[in-house]
Amino acid sequence: MLASKLLERVDYRLVAGTTDVDVTSIENDSRKVREGSLFFCIRGAVSDGHDYITDVIEKGAGVLIVEKEVPVPEGVTEILVKDSRMAMALIAAAWYDYPAEKMHVIGVTGTKGKTTTTYMIKSILEAAGHKVGLIGTIEAIIGDEVIPASHTTPESVIIQSYFRRMLDEGIRICVMEVSSQALKLHRTAGFLFEIGVFTNIEPDHIGPAEHSSFEEYLECKSRLFRQCRIGIFNQDDPHLEEILRGHTCSVETFGLGERADLRATDLDLFHGEGRLGISFRTEGMMEMQVDVDIPGRFSVYNALTAIAVCRHFGVPAEDIVSSLRGISVKGRVELVKVSDDFTLMIDYAHNAMALESLLTTLREYKPHRLVCLFGCGGNRAKSRRFEMGEISGKLADLTIITSDNPRYEDPEAIMDDIVTGMEKTDGKYVRISDRKEAIAYAIAHGEPGDIIVLAGKGHEDYQEICGKKYPMDERVLIREILEG
């Protein structure tokens, strides 16, 4: 494809060469550059793509997208842009012939609930006969192909390639999680979402490697609603007004309050016969009786979101009801049968807000004891460790402190920080750094009527230590413990 075609929606200045040149591939990884490639010089947190210019030219790169002028040999085209990431998103969309413009793309953003909500939407739409693709924290799903995810929202080049493959598979709807980092780094630029969803927001992902403040985090989330046709919002979230600031979409709301366009009433918990969930009625835009086999009030919000979205595709109430009954999402309040006496579940709750919501919810089921096993990731804000320790100390009857992705930090030092938060409470705790040993302890000491939560890992099947990911799936660990 000609460079001039790829640049048709980009604001740029030609520094050297010509745009009348054929491009053989678009790359932001210098290792993948070949003869005729267009290379994006991206300034990252760890490295700067401009430092690899000599290397990619030697490999045959014919076009460079740069944020600062650099000397290049004759025959190389140099394109100066204000933001290489924005240019990459626009060029990627052109490279794949703007596939999102031929699809309905649904974007879900928020601090929690994104993953479960996207799977609910996919399940309901498929029950109604639609072919649906998915891009999210756990995986991307394109027809029968499942691609493990490394980011909640991948880079723009990957997103556009997924859209193209979905379109070629006959998929006309894609539901995707949209992280604040993705919005900040323009990964989702270059196309318009049919529907944007706001689940909720609380302080999270704030630190040197993520967002500088809660205000920046909130502003990045709000960008989705200047990039979608229809916005569907949690009416009950206290920060809704800030999220709506500057929006350009039509607005619909869901929630438990009377002001919401789609409301849930008559909430009722159920527990028994291998089920742990909640039922409710909906009022407003749609009316139906709903059972969700995922416990808690947050499951009501997730289900309301899915209903509000699927209403736009004309899905009958009976398809919505049947899809939500029996819904299960890997690592999201995922029940794992280990005993007839107590309940054990795996959940991704890895920050204070999510853990508090989960434990508060499970308290409502009046367990004999609520046992919480968790750790905190290394090279992340220490405040998360203090907060999670304090929350578990207040809400759990027993906390088992263990390791979770220590990265480049000492696991014992991370657990010390968690204990600092724990000791603000009267909560009982034990600390066992080896996660398999910690899970074995939880199972061995389970008492009749207990609810045991393994929090933090969820769908993850690895432990990250000193820059390397080692295989570690809690489901496998549980099986090994039971067999042993």
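All values reported here derive from a predicted model rather than from experimental measurement.
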Practice problem: Keeping to residues at least two apart or across chains, list the ring-ring contact (aromatic ring centres under 6.0 Å, His included) pairs with something in residues 384-429. | Solution: none

Quiz item: For residues 135-170, which residue pairs qualify under ring-ring contact (aromatic ring centres under 6.0 Å, His included), counting only residues two or more places apart or in two chains?
Solution: Phe163-Phe191

Self-check item: Worked check of side chain to side chain contact (heavy atoms under 4.5 Å, CB included) between Arg172 and His130
Solution: CA-CA 8 Å; Arg172 294 296 181 268; His130 296 283; over 6 Å; no

Quiz item: Under 4.5 Å between any side-chain heavy atoms of Phe298 and Val333, yes or no?
Solution: yes

Quiz item: Can you list the residues that meet the ring-ring contact (aromatic ring centres under 6.0 Å, His included) rule with Phe233, with sequence neighbours excluded?
Solution: Phe225

Quiz item: Is there a donor-acceptor pair under 3.5 Å between the side chain of Asn234 and the backbone N or O of Thr199?
Solution: yes

Exercise. Kindly check if the number of other-residue, nucleotide or ligand heavy atoms within 6.0 Å of NZ (Lys330) is above 12?
Key: yes

Self-check item: Under-4.0 Å salt bridge between Glu219 and Lys184
Solution: no

Quiz item: For Glu169, what residues pass the side chain to side chain donor-acceptor pair (under 3.5 Å) criterion, not counting sequence neighbours?
Solution: none

Self-check item: Arg363 atom CZ: more than 12 heavy-atom contacts under 6.0 Å
Solution: yes

Practice problem: Check whether more than 12 heavy atoms from other residues, nucleotides or ligands sit under 6.0 Å from atom NZ of Lys59, and answer yes or no. | Solution: yes

Exercise. For Arg435, check salt bridge (charged side-chain N to carboxylate O under 4.0 Å, His left out) against everything at least two apart and list the hits.
Key: Glu474

Self-check item: Listed once per pair and sorted, the ring-ring contact (aromatic ring centres under 6.0 Å, His included) pairs that draw on residues 445-467, sequence neighbours left out
Solution: Tyr348-His459, Tyr441-His445

